[in-house]
**Q** 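For reference, the structure I am asking about is given below.
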Amino acid sequence: MGSGKCMTLLTLLAVLGMVMVDKVGSQNYGDALSKCILFFEGQRSGKLPSNQRMIWRKDSALRDGSDLDMDLLGGYYDAGDNVKFNFPMAFSTTMLAWSVIEFGQFMGPDLQHALDSIRWGADYLLKSTDLPGKVTAAVGNPIADHNCWERPEDMDTPRTSYVVNQTHPGSEVSAETAAALAASSLVFKSAHHRYSILLVNRAKEVFEFADKFRGNYKDSVGQGVCPFYCDWGSYSYMDELTWGAAWLFKVTKEQKYWDYVQNNIPNLPRRVIRLVNGDLQAAKTFAEFGWDTKDAGINVLLSGLVMNSTSAEPYVPQADRFVCSVLPESPYKSVTYSPGGLLFKPGGSNMQHAIALSFLLLVYAQYLKKHDGSVNCGTFVAAPSRLEQIAKGQVDYILGKNPLGMSYMVGFSQKFPKRIHHRASSLPSIGAHPRHIKCKDGSPYYETLKPNPNLLTGAIIGGPDIKDQFLDNRTNAGESEPTTYINAPLAGILAYFKAFP
Ligand SMILES: *[C@@H]1O[C@H](CO)[C@@H](O)[C@H](O)[C@H]1NC(C)=O
Ligand SMILES: *[C@@H]1O[C@H](CO)[C@@H](O)[C@H](O)[C@H]1NC(C)=O
Ligand SMILES: *[C@@H]1O[C@H](CO)[C@@H](O)[C@H](O)[C@H]1NC(C)=O
């Protein structure tokens, strides 16, 4: 009896819950797209332009590069701190550009903002590569920076510039920079032709430098970038070199870049090594795509160029293999899904994986559709619509269709993270509190349970744990910190679902 009544109540609650979740599910992808792109304005470093929309942020880091007599103003802070890490910044720029290349036609009025965001990255990457034989790897001493809870506008930690060169190379950061410049050149090809030419010419030079002077930047500027954005493992730059060549081939169609990819694709590292809770762990690269692993991205990108041609191998079979490593019903699945359906890979900041892998699924689905293709995973065949469905499921989860009914995008929907791990967002703005707040004087703002005073609209954070739980705790950076490489591929996905909800 008692348990029967309890069941009824539970059923009722479940139904109510479903109603709520469904309501959150009727999302406005267009609104999310606008916010997703707006987020990049909150990450801007340097002198802000007059059309800056996120106005609680002000000019910062106006002397960057001066330690080496360089102009390194501009660019993006990578996440919730105030360091400019070029490697993930370049990857974010590449992914924003790829978002526009595939889905810019669906962005409507947000296309211009997306272009501005790409240019903000590309302009800085041009400055970073202005001196032949040198590529900037980072600006800002990361240990000193992380030791403070300080607004970017107040920064007084050493803004050391870390630069790789011929004797101290860094092929991963250099090749990713080349990829970003090449991808950006394609974006600006028709509208800003001269800028586009400048970008592609620089991309070629930087790629040549990256290839000719090979090395891992951890051995050249270690302290400036490790352990934060280290590409661990030997030859771990081979995927960035191949990715850079793939982008240069897509943009220029020059045979030498094609040959480069063909010659090197068999030699890509088979394993990616990354920090998981302070320990180095290895994972197979074919099911990975992110700032340190380009394998799946290379295969998907090139599949779009060679599908149904005699050059389809190994790219199309490898892209298929990637898809079969992600689909939940696949016998080759190598990712995990939470009970609520969010894709998981080990390590913090999980949304980067859920979104980057969804982006590849969605892009590959478009290529397959163009060629009447599908993916054979052994026990079943996946149509492109299945790939799109998985990508949509991830985005819907992120925007609120999840067990907590929580949007993981700041400022989107009714319930979203209020205590994100982000210095500028959690400290009072310069407008509200003009007086300098010193390094350790920011600690109370870090520790408080109060919501952040400044909305970093559009920021997607690391996200819930594998049981779909989320405590909205500022001190848990793995769950509550936003990054530029989480948002960059999401822009493309949202544009697509805005057009095809
Ligand atoms: C090359 O880079 C290293 C590491 O950043 C630096 O110590 C060295 O001075 C640089 N050499 C030249 C010639 O710039
Ligand atoms: C093109 O290639 C895909 C992927 O290998 C295949 O599934 C599809 O049937 C091919 N389409 C045509 C028109 O041959
Ligand atoms: C937030 O997380 C930290 C550990 O990261 C923990 O010590 C603290 O108790 C948590 N606070 C809340 C309110 O959950």
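These numbers come from a predicted model, not from an experiment. Counting convention: from 1, in listed order, for ligands and their atoms alike.
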**Q** Out of V316, D372, N376, D320, indicate the one that has the non-hydrogen atom closest to atom 8 (C) of ligand 2.
**A** D372
**Q** Between T94 and E176, is any side-chain donor less than 3.5 angstrom from a side-chain acceptor?
**A**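 Distance-only check passes for T94 and E176.
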**Q** Indicate the atoms forming the closest heavy-atom contact of I461 with P417, along with that distance.
**A** CD1-CG, 3.4 Å
**Q** Which residue holds the protein heavy atom closest to atom 6 (C) of ligand 2, what is that atom called, and what is the gap in Å?
**A**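 Atom 6 (C) of ligand 2 sits closest to the protein heavy atom G373 CA, 4.0 Å.
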**Q** I need the contact type for V163 against ligand 1. Using non-hydrogen atoms and a strict under-4.0 Å cut-off, is it side chain, backbone, both or neither?
**A** backbone
**Q** Where is the nearest protein heavy atom to atom 13 (C) of ligand 3: which residue, which atom, and how far?
**A**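 For atom 13 (C) of ligand 3, the nearest protein heavy atom comes out as L449 CD2, 3.8 Å.
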**Q** Kindly give the heavy-atom pair with the smallest separation between A61 and S45, and that separation in Å.
**A** CB-OG, 3.6 Å
**Q** Is there at least one protein heavy-atom neighbour under 4.0 Å from atom 11 (N) of ligand 3?
**A**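 Within 4.0 Å: yes, protein heavy atom nearby.
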**Q** Between V381, N308, V375, flag the one that comes closest to atom 14 (O) of ligand 2 by a heavy atom.
**A** N308
**Q** Provide the closest heavy-atom pair for N308 versus H371 in the form atom of the first, atom of the second, distance.
**A** OD1-CB, 2.8 Å
**Q** Show me which atoms of ligand 1 lie under 4.0 Å from any heavy atom of N165.
**A** 1 (C), 2 (O), 3 (C), 8 (C), 10 (C), 11 (N), 12 (C), 14 (O)
**Q** Testing W243, Y257, W258 one by one against F249 for a ring-ring contact (aromatic ring centres under 6.0 Å, His included), which residue passes?
**A**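 Single ring-ring contact (aromatic ring centres under 6.0 Å, His included) partner of F249 among W243, Y257, W258: W258.
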**Q** Please report the closest heavy-atom contact between S128 and N86, naming both atoms and the distance.
**A**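 That would be OG-ND2, 3.1 Å.
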**Q** Is the NZ or CZ atom of K418 positioned over F416's six-membered ring, under 6.0 angstrom from the centre and within 45° of the axis?
**A** yes
**Q** Please could you name the atoms of ligand 3 that T475 approaches to less than 4.0 Å, counting only its heavy atoms?
**A**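 Selected atoms, number and element: 1 (C), 2 (O), 3 (C), 4 (C), 5 (O).
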**Q** Counting only N and O atoms by type, is there a donor-acceptor contact under 3.5 Å from the side chain of N402 to the main-chain atoms of G340?
**A** no
**Q** Is T167 in polar range of ligand 1, meaning some N or O pair under 3.5 Å apart?
**A** no
**Q** Considering the heavy atoms of N473, write down every atom of ligand 3 situated less than 4.0 Å from one of them.
**A**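 Here the atoms of ligand 3 in question are 1 (C), 2 (O), 3 (C), 8 (C), 10 (C), 11 (N), 12 (C), 14 (O).
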**Q** Q166 near ligand 1, heavy-atom distance under 4.0 Å?
**A** no
**Q** Are any of the N/O atoms in N476 less than 3.5 Å from those in ligand 3?
**A** no
